[in-house]
Amino acid sequence: MAPIITAFEASPDRGRGLARDMRVRWALEEVGQPYEVRLVSFAAMKQPAHLALHPFGQIPTFEDGELALFESGAIILHLAERHEGLLPADPDARARVIGWMFAALNTVEPPIVEREQARLVERDKPWFDARAPMLEARVRSRLEALSRRLGEAEWLDGAFSAGDLMMVSVLRRPAGAELLADYPNLAVYVARGEARPAHQRAFADQLAVFEASERTT
């Protein structure tokens, strides 16, 4: 049987491919692994059946036979280790790519998410105007460092890898993407990732879910 992932029944990103199931969909498309999607509502995500798969009540989850995983990074690493195309064969290069996966999730994404959340829930607070420049500066410091390291290279470390898949996914988040115009090589890097046929297939699939949910509301 094909593995099963979970995704939002009605994604708050309105079909822009920003929910974390998009990363897993993209990885599955890159390695040519057919998969099924189980859509879950926000209410269902907090019920015992889903909490047994994801203890924090989020998406995505991944089920393949007896294996159940949560966290997009863990799922993508699992796929990359078991299918060709997302990790290099050389052990040192492989370790570097895994390092880039961690960097995307632990170094680049947190300040982007913090800025997004502040703009969403703190904009009407008296401290927001004073805090906003600091939040932007934190994102910019990560983008500047990444831009310097990428330089004119096509991908982060040789051929396209799981590190690039994860980094491009993180940089697509609005609080980071809106600053990319100031880092042209990163803007081109993200566009290069989005142009990959596997990304386009994954995006089309998750967009179809949103469009279907809109027709039924």
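When all heavy atoms are compared, the tightest approach of M101 to G73 is CE-O, 3.8 Å. Residue P133 comes nearest to A130 through the heavy atom pair CD-O, 3.5 Å, listed as atom of the first residue, atom of the second, then distance. Of all non-hydrogen atoms in F42 and P12, the two that sit nearest each other are CZ-CD, 3.9 Å. Across all non-hydrogen atoms, the minimal contact from D64 to M1 is OD1-O, 4.3 Å. Of all heavy-atom pairs between A80 and L86, the closest is CB-CB, 3.7 Å. The two atoms that bring V97 and P88 nearest to each other are CG2-CD, 3.7 Å, heavy atoms only.
Between L179 and L143, some side-chain heavy-atom pair lies under the 4.5 Å cut-off. In this structure, the side chains of E84 and V31 stay at 4.5 Å or more apart for every pair of heavy atoms. Contact of the P3 side chain with the Q33 side chain is registered, since non-hydrogen atoms from C-beta on lie closer than 4.5 Å. Using a 4.5 Å cut-off on side-chain heavy atoms (C-beta onward), S11 and R16 make no contact. Counting heavy atoms from C-beta on, the side chains of Y183 and V190 never come closer than 4.5 Å. Proximity of I112 to R173: side-chain heavy atoms (C-beta onward) are separated by under 4.5 Å at one or more points. Counting heavy atoms from C-beta outward, V37 and R25 have side chains that approach closer than 4.5 Å. Side-chain contact between E116 and P174: present, with at least one pair of heavy atoms (C-beta onward) separated by less than 4.5 Å.
Not a single donor-acceptor pair under 3.5 Å links the side chain of N185 to the backbone N or O of E152. The backbone N or O of A104 sits nowhere less than 3.5 Å from a side-chain atom of T107 that would complete a donor-acceptor pair. Here the side chain of S169 pairs a donor or acceptor atom with the backbone of L165 at under 3.5 angstrom. Formation of a donor-acceptor pair under 3.5 Å by the D90 side chain with backbone atoms of A93 is found in this model. Side chain of Q206 to backbone of G15: a donor-acceptor contact under 3.5 angstrom is found. With hydrogens and angles disregarded, no donor-acceptor distance shorter than 3.5 Å links the side chain of D21 to the backbone of P60. Between the D164 side chain and the S161 main chain, a donor and an acceptor come within less than 3.5 Å of each other.
In this structure, V24 is not a member of the same hydrophobic cluster as M22, with clusters built from ILVMFWY side-chain heavy atoms closer than 4.5 Å. Residues I75 and L53 are members of separate hydrophobic clusters, defined by side-chain heavy-atom contacts under 4.5 angstrom among Ile, Leu, Val, Met, Phe, Trp and Tyr. Linking ILVMFWY side-chain heavy atoms closer than 4.5 Å, directly or via other members, places I5 and I59 in two distinct hydrophobic clusters. Placement of F160 and L146 within a single hydrophobic cluster is found when ILVMFWY residues are connected by side-chain heavy-atom separations under 4.5 Å, directly or transitively. Cluster membership check: Y189 shares its hydrophobic cluster with L180, using side-chain heavy-atom separations under 4.5 Å among Ile, Leu, Val, Met, Phe, Trp and Tyr.
Seen from the ring of W155, R192 counts as a face-on cation partner, given the 6.0 Å and 45° thresholds.
Atom CG in L105 sits 4.5 Å away from atom CE in M166 (nearest 0.5 Å). Annotation: the span from H54 atom NE2 to T61 atom OG1 amounts to 8.0 Å, rounded to 0.5 Å. Annotation: the span from D157 atom CG to I98 atom CD1 amounts to 11.5 Å, rounded to 0.5 Å. Rounded to the nearest 0.5 angstrom, E9 CD and R38 CZ are separated by 12.5 Å.
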Under the criterion side chain to side chain contact (heavy atoms under 4.5 Å, CB included), I'd like the reasoning laid out for L150 against L186: C-alpha separation, chi angles, the key distance, then a yes or no.
CA-CA 8 Å; L150 179 65; L186 294 185; 3.9 Å; yes
Dump the intermediate steps for side chain to side chain contact (heavy atoms under 4.5 Å, CB included) on E29 and Y35, then the final yes or no.
CA-CA 9 Å; E29 294 287 352; Y35 63 98; 3.5 Å; yes
Working for side chain to side chain contact (heavy atoms under 4.5 Å, CB included), residues Q58 and H50:
CA-CA 8 Å; Q58 299 176 320; H50 188 75; 5.8 Å; no
Test E144 against R149 for salt bridge (charged side-chain N to carboxylate O under 4.0 Å, His left out), laying out the working first.
CA-CA 9 Å; E144 288 166 5; R149 180 58 181 264; over 6 Å; no
Derivation of the salt bridge (charged side-chain N to carboxylate O under 4.0 Å, His left out) call for E71 and R20
CA-CA 9 Å; E71 291 294 332; R20 288 178 172 86; over 6 Å; no
Would you please test F62 and L79 for side chain to side chain contact (heavy atoms under 4.5 Å, CB included) and show each step?
CA-CA 10 Å; F62 174 89; L79 292 171; 3.9 Å; yes
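The existence of a salt bridge linking R140 and D182 is confirmed by a sub-4.0 Å separation between a basic side-chain nitrogen and an acidic carboxylate oxygen. Using a cutoff of 4.0 Å between basic side-chain nitrogens and carboxylate oxygens, R115 and E178 are scored as salt-bridged.
Residue-environment remark: CZ (F128) exceeds the threshold of 12 foreign heavy atoms within 6.0 Å. For R14, the CZ atom sits in a loose shell: 12 or fewer heavy atoms of surrounding residues, nucleotides or ligands are nearer than 6.0 Å. Other residues, nucleotides and ligands contribute more than 12 heavy atoms inside 6.0 Å of the CZ atom of R201. In the displayed structure, K46 atom NZ is contacted under 6.0 Å by more than 12 heavy atoms of other residues, nucleotides or ligands.
Exactly one of R142, R172, R23 qualifies for a salt bridge (Lys or Arg N to Asp or Glu O under 4.0 Å) with E109. That residue is R23.
Between H199 and F203, the ring planes are parallel. Angles under 30° get that label, and only those over 60° would be called perpendicular.
For an aromatic pair to be called close, the ring centres must be under 6.0 Å apart, and F8 with F210 fails this.
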